[in-house]
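For the numbers below, each heavy atom of this structure counts, side chains included, while hydrogens, waters and symmetry mates do not. Keep in mind that this is a model prediction, so the values were computed, not measured. Order of the sequence lines sets the chain letters (A, B, ...), proteins ahead of strands, with each chain counted from 1.
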Protein chains: 2
Amino acid sequence: MSKDAGQPSCPIAQTLGVFAGKWKPEILWNLKDQRLRFNELQRAVGGVSQKMLAQQLRELQRDGLVKRIQHQSIPPHVEYEATSLIKTLEPIFGELERWYKDNAPTVRRAQKKYAKNNPS
Amino acid sequence: MSKDAGQPSCPIAQTLGVFAGKWKPEILWNLKDQRLRFNELQRAVGGVSQKMLAQQLRELQRDGLVKRIQHQSIPPHVEYEATSLIKTLEPIFGELERWYKDNAPTVRRAQKKYAKNNPS
DNA sequence: CCGTATCCATAGGGATACTG
DNA sequence: CAGTATCCCTATGGATACGG
């Protein structure tokens, strides 16, 4: 019991669900202004396994954020590109970036202070 | 091996790391305009276990987003409240909320379409 | 009342090997 | 090249019981 009904109640969590997966921000970040092939993307993201990359790309496609472009050729040639829906995320990305620029030091200090008070 | 260096490269991921944990958005959402006690918070969030709530609260304290207020009394009385740093997240929350309002239907449609094309 | 400690099941995710 | 399939280990997270 106490099974979650499924939908998180607040819209914040809903939106995060779409783009806040483990590798998604970096994938979107890299696709923001360029098409990339699978391997290029894997190198660009750095540290992601094939399995994870494929999976996250599938979810991004499902949610309409990324489009898969298959060129018929041998050897196969596939490119991924951001859809127009991604453009609507830009204000969010902008705010996230700005927040980091403005507040990262504050967070660092809080963490140091916390660490000092908590002999883990 | 192949241990990740630690820091994700893009600031987006950095910022998300601070507040995008599984229960954090809902915790912050509830603390936004009121102090709450541990049990109140647990009920408010809904579905979160004691263990998870305690853990997420610890992280939020560590990152300076939440303050723990301990009243000395028997039985113990503890309250959690948002710090001023949380205020700086509001533009982000605002954008996230707005995005959901504007684009949730689009995402739904994309998902339906994707499901139709992918007999999973 | 406010948590921590412990146990345990499940899902996440890496490495590797293989296919169209 | 662009993935899937498999194996396997670890981290996550729920339930329960206990301590300050």
Problem - Those residues of residues 51-60 of chain B lying under 4.0 Å from DNA chain C by at least one heavy atom - result: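 Per residue number, the list reads B/K51, B/A54, B/R58.
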
Practice task
With the side chain of A/N39 defined as its heavy atoms from C-beta on, choose the nearest nucleotide among C/dC1, C/dG14, D/dC1.
Solution key: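 Nearest listed nucleotide: D/dC1.
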
Exercise for the section: When you get a sec, tell me which of C/dG3, C/dG13, C/dC1 is the closest nucleotide to the side chain of A/K22? Expected result: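 Minimum distance to the A/K22 side chain belongs to C/dG13.
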
Minimum heavy-atom distance between [X] and [Y], given as atom pair plus value:
X      : Y     : result
B/F19  : B/K24 : O-CB, 3.3 Å
A/G21  : A/P25 : O-CD, 3.1 Å
A/E95  : B/P91 : OE1-CB, 3.3 Å
B/V107 : A/L85 : CG2-CD2, 4.1 Å

Is any side-chain heavy atom of [X] less than 4.5 Å from a side-chain heavy atom of [Y]?
X     : Y     : value
B/L65 : B/L89 : yes
B/W23 : B/L60 : no
A/Q55 : A/M52 : yes
A/T15 : A/I92 : yes

Handout entry: Members of residues 70-82 of chain B that approach DNA chain D, where some heavy atom sits under 4.0 Å away
Key =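 B/P76 - these, ordered by number, are the residues of the stretch whose heavy atoms sit under 4.0 Å from the strand.
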
Practice task
State which residues pass side chain to side chain contact (heavy atoms under 4.5 Å, CB included) with B/R68; sequence neighbours excluded, sorted by chain then number.
Solution key: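 Per chain and number, B/R68 pairs via side chain to side chain contact (heavy atoms under 4.5 Å, CB included) with B/Q61, B/Q70, B/V78, B/Y80.
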
Handout entry: Non-neighbouring partners of A/A110 that pass side chain to side chain contact (heavy atoms under 4.5 Å, CB included), sequence neighbours left out
Key =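 If we apply the side chain to side chain contact (heavy atoms under 4.5 Å, CB included) test to A/A110, skipping adjacent residues, there are no hits.
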
Roughly, in whole Å, what's the span from [atom1] in [X] to [atom2] in [N]?
X     : N      : atom1 : atom2 : result
B/Q50 : D/dG20 : CD    : C1'   : 14 Å
B/R35 : C/dC2  : CZ    : P     : 14 Å
A/Q42 : C/dG14 : CD    : P     : 11 Å

Practice task
Look at A/R68 and D/dA2 and indicate whether a side-chain polar atom (N or O) is within less than 4.0 Å of OP1 or OP2.
Solution key: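 Answer no for this pair, as no side-chain N or O of A/R68 is under 4.0 Å from OP1 or OP2.
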
Exercise for the section: May I ask you to verify if any side-chain N or O of A/R37 is less than 4.0 angstrom from the OP1 or OP2 atom of D/dA2? Expected result: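 For D/dA2, OP1 or OP2 has a side-chain N or O of A/R37 closer than 4.0 Å.
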
Got a list of side-chain donor-acceptor pairs under 3.5 Å for residues 30-48 of chain B, not counting sequence neighbours?
{"unit_1": "B/N30", "atom_1": "ND2", "unit_2": "B/E26", "atom_2": "O", "d": "2.7"}
{"unit_1": "B/Q34", "atom_1": "NE2", "unit_2": "B/N30", "atom_2": "O", "d": "3.1"}
{"unit_1": "B/R35", "atom_1": "NE", "unit_2": "B/E81", "atom_2": "OE1", "d": "2.9"}
{"unit_1": "B/R35", "atom_1": "NH1", "unit_2": "B/E79", "atom_2": "OE1", "d": "3.3"}
{"unit_1": "B/R37", "atom_1": "NH1", "unit_2": "B/H77", "atom_2": "ND1", "d": "3.1"}
{"unit_1": "B/R37", "atom_1": "NH2", "unit_2": "B/H77", "atom_2": "ND1", "d": "3.3"}
{"unit_1": "B/E40", "atom_1": "OE1", "unit_2": "B/R37", "atom_2": "N", "d": "2.8"}
{"unit_1": "B/Q42", "atom_1": "NE2", "unit_2": "B/V48", "atom_2": "O", "d": "3.2"}

Practice task
Work out how much the helix from C/dC1-D/dG20 to C/dG20-D/dC1 bends between its end axes, five pairs an end, to the nearest 10 degrees.
Solution key: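 For the helix from C/dC1-D/dG20 to C/dG20-D/dC1, the axes at either end differ by 40°.
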
